[in-house]
Amino acid sequence: MTTKRLLVMACITSALAAAPASAQDRMARTLAAPPADILDGTLRRPDPLTLGSSSSTAAIPFVLSRQPDGSWSTRLAVIPGDPQSARLLVAAPDVDDWRITLSSGETTPITLNAETRDARLTAHRGQLGIPGIDSEATLFEVRTDETEWTIEIRADHAPSRANGRHDGVLLMTSDHPATLRAAVDGPARVNEPVHLHVELYDRVLHPHRPGDPPPPLMNAVAKTSSVKTPSRGGHASATQWHPEMPAGLSTLTFSEPGIHRVSVDVEAELPDGNRIFRTVSLLVPVTDARAAIAGASTAQDGQALRIDLSLEDARLPDHFLAAAEVWGMGDAGPEPVCWIGGMTTSDVRNGVATAPLSLHPDWLALSGARAPFELRRVRLEEPDHHVVFAEVERLPIELPDSLVIDRNVEQISPEMLRGSRDTARTIPAPSAADAGSLSASRDFGAHNLLLVHGYCAGGNPWPVGNFSGAIEIFSDPNATRSNDQFALLLGALGDQAKSFGVVAHSQGGCASLHLYTYYWSGLDWARGGRLIQSLGTPYQGTALAGNLAGIGEIFGAGCGENYDLTYDGAAAWLSGIPTWARQAVNFHTTSFEDQPFVFDYCSLATDFFLTDPEDGVTEQWAGQLPGGINRGHVTGWCHTTDMQDPAQYFDSSRNSTMNQAAAR
């Protein structure tokens, strides 16, 4: 993707406008959606305080110190919550060379080793299961009567210390229902404070999913807490706590743009005197883009109406999402006409920066609405992290009389939803050379099936022999990209075919839907079946994107943070995807085989943060695409290789079905 260029619009002159499109530019759609997508909330930004990240786990990073005898060690005081159901795991590159013991009260210490024979201990050996990290680990189930433990870790040699700060992380959880939730209350912009809300709730009495109203607070008292912003340019104020229940408020300020990780630790005491310790992490995207929407003007633009939002004090990305609701007057009062939006670049006319929107006049005829008209919930947001950098609640617009005339429009046409191809409406995009390909039976200019991997994949996961015909294989190994960056790479590779359908794994499903929604591509010419088929795609996000963000640093591996895969990022992204685009997606989900009275899982580390059923990365509920076509859930398959059950993309029966059903 082209490096993001921030333009100080006050310095731009009209001579910069209308630069010719290059071969690397991609045509963007002008989008619209019917009033139903407004009224049911599909295309409205969610309340950020209903989102955030939750955790019933303590994540304790540690450093080993050199001892006088030449060994290295540390002692960690931990609180298991429910000591009869505790589970713990030490994540570190050198963990197999260390000696780890657990002490509690006057009882005999427990050696935490896979070979230990102790009635208080059950060990599970397997892959750590974190994307981009190929390492084994051991999860321990511990049963004692003591509520305070000491974990001692000893090593004969200096630890590898891959990240220069910590040597490992202790993960601990139990069946205790206390859950810590953290959420920020709005978009984060450079040097503008946002508030971090922290609360403790009971996940059994009040289960909470992102997007639900905030759960009731747990009856407990917070004893200690900390808020950390380990990335550069972040600052957190001291947490101010509710005097009776564990609900805290901190102020976050960031001096640099980018994705910032925020970690929260809370120790609380319950009415029965028991204590719990919880850690939650979330990713906060910060932008230095800005603009003030000063007004709107309209002009005829072919068959459509062009609505130019005039911008002041503008500092803009090279492209961004502009969106608004169009409202008019009906028989019973104000009513929505349609939602309009799309990826765009700014125009400069007479030295004034504008952001264009497009309105097809048939929406006015279909609704029957009359003047006065206005735009509502107008927003501009940067494309990679969906941070709103300009917004206004209401903006009056004058529509030409030629548009507001009686004419017979009985149904919604494709042009009303997706506009028409316009070579003047382009955004910077990668070339085909930037989009990797491993071609199985590639046919330039043919009708191909595009096989797509997901976030941080080492390469193509799909067994090529399960698919037939002209096949194009997307390859962007070991990378983390936003849905927009990912989609533009897919579009560039797909340009070498007449048309293509998609079979996508994990984030590849989000990227394919993003491409179909916002940009013209070979997907628009595909025929004969299901346009986009996905497997294990976290359309509504995954807890791993925030809560496991720091462990990769300890291993000196992994692919880094991806905000689009968080619950917050996914919800913000979905608020720009109309129902008509979602209906082009056929999605599948899987989970591990759940056997009675057995501790079942897909991944040792990710099991600490996900709710069952899940595939080691994607929870079944979060793999649902509202408005998409659910093709079913199957057990006995995990997200990727080296998990407890086989990788979901090796299911030859499902692959055969997707191959036969695919559009091309």
Would you give the length of the straight line joining atom CZ of Phe467 to atom CG of Leu449, rounded to the nearest 0.5 angstrom? 6.5 Å

Hey, what's the ring geometry for His208 with Tyr201, parallel, tilted or perpendicular (30° and 60° as the breaks)? perpendicular

Check the pair His588, His633 against ring-ring contact (aromatic ring centres under 6.0 Å, His included), reporting the backbone distance first and the verdict last. CA-CA 6 Å; His588 302 257; His633 182 85; over 10 Å; no

Arg87 vs Asp82, test: salt bridge (Lys or Arg N to Asp or Glu O under 4.0 Å). Steps then yes/no. CA-CA 10 Å; Arg87 300 181 295 280; Asp82 176 11; over 6 Å; no

Specify the closest pair of heavy atoms between Leu171 and Ala59, including all atoms of both residues, with the distance to one decimal. CD2-CB, 3.8 Å

Worked check of side-chain contact (heavy atoms from CB on, under 4.5 Å) between Ile60 and Val169: CA-CA 5 Å; Ile60 306 171; Val169 173; 5.8 Å; no

Cys638 SG to Asp645 CG distance, which is reported to the nearest 0.5 Å: 4.5 Å

Tell me if the centroids of the rings in Phe486 and His514 come within less than 6.0 Å of each other. no

For Tyr649 together with His505, are the ring centres under 6.0 Å from each other? yes

Can you tell me if Thr537 and Ser506 form a side-chain donor-acceptor pair at under 3.5 Å? no

Would Glu325 and Leu43 count as a side-chain contact (heavy atoms from CB on, under 4.5 Å) here? Give the steps. CA-CA 9 Å; Glu325 300 171 6; Leu43 292 173; over 6 Å; no

Please confirm whether Arg379 makes a cation-pi placement over Phe389, using NZ or CZ under 6.0 Å from the six-membered ring centre and within 45° of the ring normal. no

Quick one: do the Asp564 and Gln507 side chains pair a donor with an acceptor below 3.5 Å? no

Of all heavy-atom pairs linking Ala247 and Leu217, the shortest is CB-CD1, 3.5 Å

Roughly how far apart are Phe277 CZ and Leu180 CG, rounded to 0.5 Å? 9.5 Å

Hey, are Thr42 and Asp40 close enough side-chain-wise for a donor-acceptor pair under 3.5 Å? yes

So, are Arg582 and Asp37 salt-bridged, with charged N and O less than 4.0 Å apart? no

Side chain to side chain donor-acceptor pair (under 3.5 Å) for Asp615 and His639? Distances and angles first, verdict last. CA-CA 5 Å; Asp615 66 9; His639 195 80; 3.0 Å; yes

Using 30° and 60° as the class limits, which term best fits the ring planes of His124 and Tyr601: parallel, tilted or perpendicular? perpendicular

Is it true that Ser54 and Tyr567 share a donor-acceptor pair across their side chains at a distance under 3.5 Å? no

Any side-chain donor paired with an acceptor under 3.5 Å for Ser482 and Asp384? yes

Taking all atoms of both residues into account, what is the closest heavy-atom pair of Gly211 and Leu51, and its distance? N-CD2, 3.5 Å

Is it the case that Asp212 and Thr50 place a side-chain donor and acceptor less than 3.5 Å from each other? no

Return yes if a side-chain donor-acceptor contact under 3.5 Å exists between Glu619 and Thr611, otherwise no. yes

Does a donor on one side chain and an acceptor on the other come within less than 3.5 Å for Asp600 and Gln644? no

Looking at Gly623, is its backbone amide N or carbonyl O close enough to the side chain of Thr618 to form a donor-acceptor pair, meaning the two atoms are under 3.5 Å apart? no

Decide yes or no on side chain to side chain donor-acceptor pair (under 3.5 Å) for Thr635 and Glu593, but give the supporting numbers first. CA-CA 5 Å; Thr635 61; Glu593 185 175 355; over 6 Å; no

For a side chain to side chain donor-acceptor pair (under 3.5 Å) with Thr279, tell me which candidate from Thr57, Asn547, Asp265 qualifies. Asp265

Residues Val194, Asp185; criterion side-chain contact (heavy atoms from CB on, under 4.5 Å); working and verdict: CA-CA 6 Å; Val194 292; Asp185 61 1; 4.0 Å; yes

Tyr539 side chain to Leu574 main-chain N or O, any donor-acceptor pair under 3.5 Å? no

Ser575 versus Arg45, side-chain donor and acceptor atoms under 3.5 Å: no

I would like to know whether Leu488 and Tyr519 meet side-chain contact (heavy atoms from CB on, under 4.5 Å); could you show each step before the answer? CA-CA 8 Å; Leu488 291 172; Tyr519 304 110; 3.7 Å; yes

Using only atom types and a distance under 3.5 Å, with no angle test, would you say the side chain of Ser656 pairs donor to acceptor with the backbone of Ser652? no

Interatomic spacing from CZ in Arg278 to CD in Glu267 - rounded to 0.5 Å: 11.5 Å

Between Thr542 and Pro538, is there a donor-acceptor pair closer than 3.5 Å when you use the side chain of the first and the backbone of the second? no

Assess whether a salt bridge exists between Arg29 and Asp524, defined as any Lys/Arg side-chain N lying under 4.0 Å from an Asp/Glu carboxylate O. yes

Hey, are Glu391 and Arg377 close enough for a salt bridge, meaning a charged N less than 4.0 Å from a carboxylate O? no

To the nearest 0.5 Å, tell me how far Asp476 CG sits from His453 NE2. 5.5 Å

Nearest heavy-atom pair of Ser512 and Leu490: which atoms, and what distance? OG-CD1, 3.7 Å

Output for pair (Asp568 CG, Trp573 CH2), nearest 0.5 Å, gives 15.0 Å

Can you confirm whether Asn630 sits close enough to Gln624 that some side-chain heavy atom of one is under 4.5 Å from a side-chain heavy atom of the other? yes

Donor-acceptor check, side chain of Ser475 to backbone of Ile473, threshold 3.5 angstrom: yes or no? no

Answer yes if the side chains of Ser281 and Ser263 hold a donor-acceptor pair under 3.5 Å, and no otherwise. yes

If we check side chain to side chain contact (heavy atoms under 4.5 Å, CB included) with Glu382, which of these qualifies: Leu321, Val388, Val387? Val387

For Ser250, does its backbone N or O pair with a side-chain atom of Thr239 as donor and acceptor, under 3.5 Å? no

Main-chain N/O of Leu128 paired with Ser135 side-chain donor or acceptor, under 3.5 Å: no

Does atom CD of Gln620 have more than 12 heavy-atom neighbours from other groups under 6.0 Å away? yes

How about Arg203 and Ser56: does a side-chain donor come under 3.5 Å of a side-chain acceptor? yes

Shortest non-hydrogen pair, Ala188 vs Val284, comes out as CB-CG1, 3.8 Å

Is the backbone of Val452 close enough, under 3.5 Å, to the side chain of Trp462 for a donor and an acceptor to pair up by distance? yes

Would the distance check show the side chain of Arg189 and the main-chain N or O of Val286 forming a donor-acceptor pair, the cut-off being under 3.5 Å? no

Report the residue from Ile130, Ile133, Thr480 that forms a side chain to side chain contact (heavy atoms under 4.5 Å, CB included) with Cys559. Thr480

Residues Pro215 and His206: closest non-hydrogen pair is CB-O, 4.1 Å

Is a side-chain N or O of Asn562 found less than 3.5 angstrom from the main chain of Arg481, in a donor-acceptor match? yes

